[in-house]
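What follows is a short report on a single structure.
No hydrogens, no waters, no symmetry mates; every other heavy atom, side chains included, goes into these values. Worth saying up front: this structure is predicted, and the values here are computed from it rather than measured.
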Amino acid sequence: MELLTRILNLVKPYWFRMSIAIVLMAIVGSLSGLTAYLVKPVMDGIFVKKNVMMLKILPLIVLAVFLVRSLCDWGQRYQMRYVGLKIISDLRQKLYDHIQNMSLSFIERSSTGVLMSRITNDVNLLQGAVSAAITSFLKDSFTMIGLVFVVFYQDWRLASLAILILPGAYLLIDKLGKKMRRYSKKCQQAMGDISSIVQELLRGIRVVKAFNSEEYELKKFDRENERIFKYNMRISVVQGLSSPLMELLGAFGIATIIGYGGYQVIQGQSTPGTFFSFLAALFMLYKPMKRLSKVNNLIQNGLAAANRIYEILDTEPDITNRTGAVELKDVKKGIEFKDVSFSYGEGLVLRDINISIPAGDVVALVGVSGGGKTTLASLIPRFYDLQEGEILIDGVDLRNFTVDSLRSRIALVNQDPFLFNDTIWNNIAYGNFNKTEEDIISAAKAAYAYDFIVELPAGFDTVVGDRGVSLSGGQKQRICIARAFLKDAPILILDEATSSLDNESEKEVQKSLFNLMKGRTTIIIAHRLSTVINASKIFVISSGKIIEAGSHDQLLKAGGEYSRLYKMQFLNVREEIIDR
Ligand SMILES: Nc1ncnc2c1ncn2[C@@H]1O[C@H](COP(=O)(O)OP(=O)(O)OP(=O)(O)O)[C@@H](O)[C@H]1O
Ligand SMILES: [Mg+2]
């Protein structure tokens, strides 16, 4: 019931069109009743009494009634379609916005296929339900009211007899509807799973082929595919059962009525006109009733979809502005991690981290893979909220800044460079569409991306990403670096920003990155230690803890983990040289 209220709330903004449609439907309904009623004068006047006057007027009246009815029906359909489609497009928009505002942890928890199926499949199901439901529900109900009125007017005793059959039919519809809803839910779940499998296959196609695991992937797909078949089959069985059952029930009623009504006419208690008008109305009732029984199936599907949609809409985004949050303008003193511990769900990934980064300084995070470097850096833009301790910017807990202003003051180059399926130009300008042409070109130059971009077939207009040109890992990284250059933010986070570059280009990009770092509070994460030598302080992270801290020279002298890592890399370089 609550669900219906919410769906009705979606209709509210379109109440005017909706009221027009309802009025038109009411007209259609009463005119249907009138048509059935007209059978009586036609029968008694023309066929029994052979009245010529009636013969002249009645065909014209019938024509006029149908003309008005058709016009109103057309108008009603148009308005309802408009409202139905509009509601759905509103809802789709809302859902998309909601999903992109959810925290990373929510999105990582949910499968991509399931979220996609909410926006596409479920919204479509709901659209079917809303349009069909409101249209036939209201129109058919009005028509039924008109016809039921005629039925009772002509012969209330016969009518009551017919009505007795209805509750039985209603119970039947209800039972079938519940079954449908259950299968539809299972079917949608399987549909979501199957989209996830396809997505994963496409993303990981290189791995699949390299490991010859097509057979294995096919089996995975087949399992879900089989489930979808099974549930759809069950839905079909229920759906297929519902109309023949209704028909049988109808036939039973009609047979009874012909027997009883015919007896009355033969006895002279009723005229043939009355009986046929009654019968016409009853026959006309059958169609909207049958449609309503089908609409019920659609509505059940739609309600199940609405349930799933609202499940997402009701999940509150967990990273939001605190009340009284202020804007972060600039970083004057620096960033400080105070006893920070963090977990993605189970087990601490970061433990008692204490770091202070004076404004304008460059600090580096190094350490073995999986140590928690990326995690630590992603706490600063509040991709996740921490469980213990606090992170302060200029002495203020960063949760007291508005999320927007905080993120707008941070330029981030991710470990895995991501490009949108768009032109290189727009990829660099992403999020900074107010910058000038020169800004973008000089950002590209600073990131050492300009030269290879202009050599591409369409230069800056080359479309990259999913459906465009594929770039090398190093080229992608340089475009992401250009994006960071353009953002011109006081805090800079470089997570393995130059890891895919060869030594030569890395040196070049490094030089311009040093330019970029000037005057900015920078966190640089790197495995290649040559890139962090100049940092004012280096933190070595292992298993979520800081195990060493100091400048390059201090750490080398101390002879701990850092000097071990450094020597290992140095040795590798020497071995490479000897190998040649
Ligand atoms: N989104 C996530 N959800 C759950 N666990 C995660 C997530 N991201 C990372 N982890 C876990 O947290 C730990 C630290 O990962 P993190 O990516 O921070 O390491 P890292 O030091 O950046 O490693 P690398 O040098 O390989 O990039 C790992 O054990 C990893 O499995
Ligand atoms: Mg990492």
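Counting heavy atoms from C-beta outward, S341 and L386 have side chains that stay 4.5 Å or more apart. Side-chain contact between L406 and I393: present, with at least one pair of heavy atoms (C-beta onward) separated by less than 4.5 Å. Using a 4.5 Å cut-off on side-chain heavy atoms (C-beta onward), P490 and R520 make no contact. E437 places a side-chain heavy atom less than 4.5 Å from the side chain of W425. Residues L115 and I119 have side chains not in contact (no heavy-atom distance under 4.5 Å, counting atoms from C-beta outward). Within the 4.5 Å cutoff, the side chain of L419 has heavy atoms near those of the R483 side chain. At a threshold of 4.5 Å between non-hydrogen side-chain atoms, the residues L328 and T402 do not count as touching. Residues N124 and R92 meet the side-chain proximity criterion, which asks for heavy atoms closer than 4.5 Å.
The minimum heavy-atom distance between V368 and K373, with the atom names listed, is O-NZ, 3.1 Å. Across every non-hydrogen atom of D394 and D330, the tightest pair is OD2-O, 3.4 Å. Minimum interatomic distance between A305 and L126 (heavy atoms only, all atoms of both residues): CB-N, 4.3 Å. Residues F221 and V198 share a closest heavy-atom pair of CE1-CG2, 3.7 Å. Heavy atoms only, all atoms of each residue included: L379 and L350 are closest at CD1-CD1, 3.7 Å. Residues K487 and I410 share a closest heavy-atom pair of NZ-O, 2.7 Å.
Residue Y344 places its OH atom among more than 12 non-hydrogen atoms of other residues, nucleotides or ligands, all under 6.0 Å distant. Residue-environment remark: CE (M180) exceeds the threshold of 12 foreign heavy atoms within 6.0 Å. For E200, the CD atom sits in a loose shell: 12 or fewer heavy atoms of surrounding residues, nucleotides or ligands are nearer than 6.0 Å. At most 12 heavy atoms of other shown residues, nucleotides or ligands fall within 6.0 angstrom of atom CZ in F211.
Remark: side-chain polar atoms of H552 are not paired, donor with acceptor, to backbone N or O of S530 under 3.5 angstrom. Q199 places no side-chain N or O within donor-acceptor distance of the main-chain N or O of G113, the cut-off being under 3.5 Å. N354 places a side-chain N or O within 3.5 Å of a backbone atom of D339 that can act as its donor or acceptor partner. The backbone N or O of T374 lies less than 3.5 Å from a partner atom in the side chain of S378, making a donor-acceptor pair. With hydrogens and angles ignored, the 3.5 Å screen pairs a side-chain donor or acceptor of T521 with a backbone N or O of G360. For the pair T423 (side chain) and N426 (backbone), a donor-acceptor distance under 3.5 Å is present. When atom types are taken as modelled, the side chain of R118 and the backbone of I312 share no donor-acceptor pair closer than 3.5 angstrom. Side chain of S536 to main chain of V363: no donor-acceptor pair is present (N/O by atom type, distance under 3.5 Å, no hydrogens or angles). Checked by atom type and distance alone, the side chain of R478 pairs as donor or acceptor with a backbone atom of Y448 at under 3.5 Å. With N101 contributing its side chain and D97 its backbone, the two residues share a donor-acceptor pair below 3.5 Å.
Side-chain contact, S111 with S196: a donor N or O sits under 3.5 Å from an acceptor N or O. Side-chain contact annotation: E108 with Y384, donor-acceptor N/O pair under 3.5 Å present.
Here the OG-NZ distance, from S356 to K333, works out to 12.0 Å after rounding to the nearest 0.5 Å. Once rounded to the nearest 0.5 Å, the distance linking CD1 of I538 with CG of D553 reads 9.0 Å. Between atom CG of residue L365 and atom CD1 of residue I546 there is a gap of 7.5 Å, rounded to the nearest 0.5 Å. One distance of note links NZ of K435 with CG of D488; it measures 5.0 Å at 0.5 Å rounding. The distance from the CG atom of N307 to the CD atom of E2 is 9.5 Å, given to the nearest 0.5 Å. Taken to the nearest 0.5 Å, the CG atom of D404 stands 8.5 Å off from the CD atom of E327.
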(message) Using side-chain contact (heavy atoms from CB on, under 4.5 Å), reason through D495 and N414 one step at a time and then give a plain yes or no.
(response) CA-CA 5 Å; D495 191 351; N414 277 324; 5.7 Å; no
(message) With side-chain contact (heavy atoms from CB on, under 4.5 Å) as the criterion, how do T531 and L494 come out once you've worked through the C-alpha distance, each side chain's angles and the decisive distance to 0.1 Å?
(response) CA-CA 11 Å; T531 50; L494 303 169; over 6 Å; no
(request) Could you go through the side-chain contact (heavy atoms from CB on, under 4.5 Å) check for M517 and L513 one step at a time? (result) CA-CA 6 Å; M517 289 176 205; L513 279 180; 4.1 Å; yes
(request) For side-chain contact (heavy atoms from CB on, under 4.5 Å), just list the numbers for F383 and R407, CA-CA rounded to whole Å, side-chain angles, deciding distance to a tenth of an Å, and then say yes or no. (result) CA-CA 10 Å; F383 288 159; R407 291 183 185 159; 4.2 Å; yes
(message) Determine whether Q477 and S499 satisfy the following criterion, side-chain hydrogen bond (donor to acceptor under 3.5 Å, both in side chains), listing intermediate values before the conclusion.
(response) CA-CA 8 Å; Q477 275 191 334; S499 60; 3.1 Å; yes
(request) Apply the test salt bridge (charged side-chain N to carboxylate O under 4.0 Å, His left out) to residues E311 and R308: give CA-CA distance (whole Å), side-chain angles for both, the deciding distance (0.1 Å), then the verdict. (result) CA-CA 5 Å; E311 224 168 82; R308 291 187 294 267; over 6 Å; no
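With sequence neighbours excluded, the residues satisfying salt bridge (charged side-chain N to carboxylate O under 4.0 Å, His left out) with R564 are E561.
Using a 4.0 Å cut-off between charged nitrogen and carboxylate oxygen, E217 and K220 count as a salt-bridge pair.
Y450 and F460 have tilted rings, their planes meeting at an angle from 30° to 60° on a 0 to 90° scale.
Taking the centre of each ring, Y231 and F229 stay at or above the 6.0 Å mark. A ring-centre distance under 6.0 Å is found for F420 and F418.
Between Q188 and the choices N301, D193, L125, the side chain to side chain contact (heavy atoms under 4.5 Å, CB included) rule is met once, by L125. Partner of L501 under the side chain to side chain contact (heavy atoms under 4.5 Å, CB included) criterion, out of Q510, E506, K507, R528: E506 alone.
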